[in-house]
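Remember, it's 1-based here, ligands and their atoms both numbered in the order they're listed. As the structure is a computational prediction, the values presented were derived from the model and not from experiment.
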Amino acid sequence: MGRMRPVVMTVFGTRPELIKLAPVVHAFEPYAPALRAVTVNTGQHRDLLIPFLDSFRVRVDHALDVMTAGQTPNQVCARILDAIDPILAAERPSILLVQGDTTTALAGAIAAFHRGIPVGHVEAGLRSGDRANPFPEEMNRRLISRLASHHFTATERNRATLLAEGIAPESIAVTGNPIVDALHAIGGEEHRPDSPRLRSLLDATRGLGRIVLTTHRRESFGGALEANLRVLRDFIARRADLCLIFPVHPNPEVRKQAAAILAGHPRVHLVEPLDYAAFLGLLARATLIVSDSGGIQEEAPSLGKPVLVLRENTERPESIEAGFAKLSRNDPAELARLLDEACSPGSWAESLRAVGSANPYGPGDAGPRIARAVAEILGVLVNAPPPTADRALRSPPPTAGEG
Ligand code: UDP
């Protein structure tokens, strides 16, 4: 019997994990003669994820389908541990890759650890410094760092954070964040408004400055979410030159508050989540982004767009330092002030331009870098092409244009 190819298992279950792991999964293709790349979709998010599997052309080898209505982190974690165990036993991966800070990532890492399978952590070393915020993500990422044997960091700062926690330098590789790869692959050079939904949104808001909102963080439910939405509603009501476009997250709490506070205003558009190409096309035509998303903070430098971050803290200070983000501290009065400031003539938000190779999250070659590092770890480095970021090194896409 011939020697079995080692298996690299990649686990994801939410939209941001798929966006960031798709470039990694594809980067294993040149190594196919030497290793077998296997994917697991836990199904932590269901409807939100499916269109992304298509647009990123990611094949799912094992679908766990753990999502239930009103699920808690404990339920998600328990269901994943239970469902992934027989898959680990059957596939016997040589390494299991998880990304970021979700319950899927934590559960995947625990399950691999229990089976003696080394864990590789993509987007390692982010810290907000507050164990309860964002919840449960900050603790998830700290625990994954303890469980993982290999750490792939987006930035030098993330590497320094891990070193300060006593993680061995030889287990850390600075690779950049594969969200930049994803953005280049899907966004296209011109962010063309091909999607009918994007086209109709752009038509409906022609001539207005567009504020694009996303918010869904668990720790904001209750007071902060409601207060932020009221501030945005009042701001749009006062500013006849601006509109608000909110692709509303399917979480029932977010839906309820969005409907109660924002529905009915002619310059407020509550829409279903958009596929990645359409969403990037919308961001490229935005005046301002307001968001509690981690990924959007990372996309802002590539798009040259200003973001007001609806968070008390951020584990991505690189976006603030590069001049693309400001933190509202989840204080409604501060959000009101930041909105006024950002939407005033001559503001900081107007002067931003897309960064190219100076992107704090890397030039867009993180997928190939991670794949190469994994191949080295497994001792199967074949003649795969070296990582390149040729797309990223071209001039950044224009952000003005149609709409
Ligand atoms: N996104 C998208 N369509 C939408 C809203 C967001 O494609 O309607 C993308 C966005 O560009 C970013 C990611 O989804 O890359 C953010 O996901 P989310 O906010 O769920 O997670 P986080 O970034 O906070 O982990």
[X], any N or O under 3.5 Å of ligand 1 N or O:
X	answer
R217	yes
T214	no
G294	yes
L274	yes

List ligand 1 atoms under 4.0 Å from [X], heavy atoms only on the residue side.
X	value
G295	22 (P), 23 (O)
E299	10 (C), 11 (O), 12 (C), 15 (O)
F52	2 (C), 7 (O)
P273	8 (O)
I19	9 (C), 13 (C), 14 (O), 15 (O)

request  = Could you pull out the closest heavy-atom pair between S128 and R141, with the gap in Å?
outcome  = N-NH1, 3.9 Å

ask   = Of all heavy-atom pairs between G120 and F152, which one has the smallest distance, and what is that distance?
value = CA-CE1, 4.1 Å

task = Could you tell me the separation between the CD atom of E156 and the CD1 atom of I172, rounded to the nearest 0.5 Å?
result = 10.0 Å

[Y] versus [X], side-chain donor and acceptor atoms under 3.5 Å:
X	Y	result
T314	Q297	yes
H216	E253	no
R210	T287	no
Y361	S302	no
S293	T214	no
R127	S145	yes

note = With heavy atoms and a 4.0 Å threshold, my read on which part of S293 contacts ligand 1 is both

message = Test of understanding: given a 4.0 Å heavy-atom threshold, classify the contact between F279 and ligand 1 as side chain, backbone, both, or neither.
response = side chain

ask   = Is the shortest distance from a heavy atom of E298 to ligand 1 less than 4.0 Å?
value = no

note = In this structure, atom 21 (O) of ligand 1 is nearest to the protein heavy atom P16 CG, 3.3 Å

request  = Out of H249, H45, R15, E123, indicate the one that has the non-hydrogen atom closest to atom 17 (O) of ligand 1.
outcome  = R15

